[in-house]
Amino acid sequence: MNSKQVNETTIRLNAFMRDVKDGNLRTILKNMQSMLDYHAEKIRIYEEHLSELTGKARLELTDSDKRRLAQKGKALNDYLLAAVEPTWAPGTLRGWYNSLVGAKYNSVRDGQKKRGRKPISQEIVDEVLKLAKNNPDWGYDRIAGVMKYLKYDVSATTVRHILDDNGIVPDPERRLRGD
């Protein structure tokens with residue numbers, strides 16, 4: 001900030017504090033609303049001139065610009081945001097917040113491995129399917145037990161998922177049908 005900006009800010013702050021000392025809250029709020037109205041009109045004028053110069057109805061913002069607006073707009077409710085922001089809808093700013101600001105909390109970046117359980121290897125799937133087809137009267141627990149004996153670490157739930165994915169449903173009549 002240069003000295004001129006500091007002086008202007010100090011003058012505005014002193015004027016505001018004078019009203020606070022007097023205790024007239026209504027005057028303070030009226031003055032703040034007048035300031036907001038002034039700045040909103042100033043922005044509208046700038047937007048009109050900008051659209052005349054560029055030939056575009058709306059300014060094209062960079063992701064950085066959107067992020068800055070979204071962070072400031074997060075503190076306002078939709079009514080206040082619509083009152084001070086004539087160009088973009090509150091939902092648009094919320095969307096920017098969710099996609100741009102919220103993205104920094106996403107733990108998986110481009111090029112990173114997906115977190116979570118590793119997929120079941122095809123070798124295990126083939127072995128479970130072979131055991132299920134050769135032994136139709138075995139249940140999930142028994143197949144999982146045999147898999148552990150064969151040195152594969154799978155649970156009964158994993159066996160159930162494998163069989164469900166391949167359309168094998170253990171039921172009393174499966175053995176008779178020969179599925």
Side-chain angles (χ1 to χ4, degrees), residues 1-125 153-167:
M1 283 179 106
N2 62 30
S3 62
K4 183 179 178 184
Q5 290 173 327
V6 171
N7 289 338
E8 289 174 4
T9 304
T10 306
I11 290 169
R12 281 187 280 173
L13 184 60
N14 285 334
F16 178 75
M17 293 307 290
R18 199 172 23 249
D19 288 339
V20 170
K21 270 190 207 174
D22 295 342
N24 191 349
L25 186 59
R26 188 174 301 229
T27 305
I28 294 169
L29 292 175
K30 183 181 171 199
N31 289 341
M32 290 177 81
Q33 183 61 48
S34 297
M35 288 170 47
L36 285 174
D37 292 342
Y38 171 80
H39 283 292
E41 189 61 32
K42 184 178 173 183
I43 289 172
R44 281 188 211 101
I45 291 169
Y46 284 160
E47 286 177 345
E48 288 170 8
H49 286 288
L50 184 64
S51 62
E52 287 174 10
L53 291 172
T54 61
K56 296 180 181 177
R58 283 196 180 171
L59 177 66
E60 293 179 10
L61 299 178
T62 64
D63 283 348
S64 176
D65 297 334
K66 290 177 182 178
R67 185 179 299 110
R68 287 170 48 199
L69 280 177
Q71 284 174 327
K72 296 296 183 184
K74 179 76 169 129
L76 302 173
N77 64 31
D78 285 353
Y79 176 77
L80 294 174
L81 202 51
V84 299
E85 177 52 70
T87 310
W88 294 282
T92 302
L93 291 166
R94 301 272 182 246
W96 292 346
Y97 185 85
N98 292 338
S99 64
L100 298 170
V101 178
K104 81 175 189 180
Y105 298 108
N106 184 2
S107 61
V108 179
R109 302 267 186 234
D110 292 337
Q112 272 187 331
K113 292 181 181 177
K114 183 179 172 188
R115 290 186 168 79
R117 280 191 166 264
K118 293 180 180 170
I120 303 165
S121 72
Q122 191 59 42
E123 180 184 4
I124 291 174
V125 172
D153 190 23
V154 293
S155 67
T157 305
T158 303
V159 171
R160 184 187 69 184
H161 288 299
I162 292 170
L163 295 180
D164 285 348
D165 290 345
N166 289 282

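Because the structure is predicted, anything quoted here is derived from the model rather than measured.
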Worksheet item: If you take all heavy atoms of Lys66 and Leu100, which pair is closest and at what distance?
Response: CB-CD1, 3.4 Å
Item to complete: With the side chain counted from C-beta on, respond yes when Ile120 and Val154 share a heavy-atom pair under 4.5 Å apart, and no when they do not.
Response: no
Practice prompt. Could you grab the distance from atom CG of Leu81 to atom NZ of Lys72, nearest 0.5 Å is fine?
Written response: 13.5 Å
Discussion item. Can you list everything that forms a salt bridge (charged side-chain N to carboxylate O under 4.0 Å, His left out) with Asp65? Sequence neighbours excluded, please.
Written reply: Arg68
Worksheet item: Between atom NE2 of His49 and atom OG1 of Thr54, what is the distance when rounded to the nearest 0.5 Å?
Response: 12.5 Å
Item to complete: Compare every heavy atom of Leu93 with every heavy atom of Ala70, then report the nearest pair and how far apart it is.
Response: CB-O, 3.8 Å
Response to the item:
Closest heavy-atom pair, Arg94 versus Leu76, reported as atoms and distance to 0.1 Å, is NH2-O, 2.6 Å
Item to complete: Kindly write out the residues that satisfy salt bridge (charged side-chain N to carboxylate O under 4.0 Å, His left out) with Asp63, not counting sequence neighbours, or none if the list is empty.
Response: none
Discussion item. A side-chain contact here means heavy atoms from C-beta on lying under 4.5 Å apart; do Lys42 and Ile45 qualify?
Written reply: no
Discussion item. For Gln71, give me all partners under side chain to side chain donor-acceptor pair (under 3.5 Å), at least two apart in sequence or on another chain.
Written reply: none
Fill in: Spacing of CG belonging to Leu61 relative to CH2 belonging to Trp88, to within rounding of 0.5 Å
4.0 Å
Worksheet item: Atom CD1 in Ile43, atom CG in Leu50: separation rounded to 0.5 Å?
Response: 12.5 Å
Worksheet item: Listed by chain and number, what are the salt bridge (charged side-chain N to carboxylate O under 4.0 Å, His left out) partners of Glu60, not counting sequence neighbours?
Response: Lys56
Discussion item. Restricting to side chain to side chain donor-acceptor pair (under 3.5 Å), what partner residues turn up for Ser155, sequence neighbours left out?
Written reply: Thr158
Discussion item. I'd like to check the salt bridge (charged side-chain N to carboxylate O under 4.0 Å, His left out) partners of Glu41; sequence neighbours left out, ordered by chain and number.
Written reply: Arg44
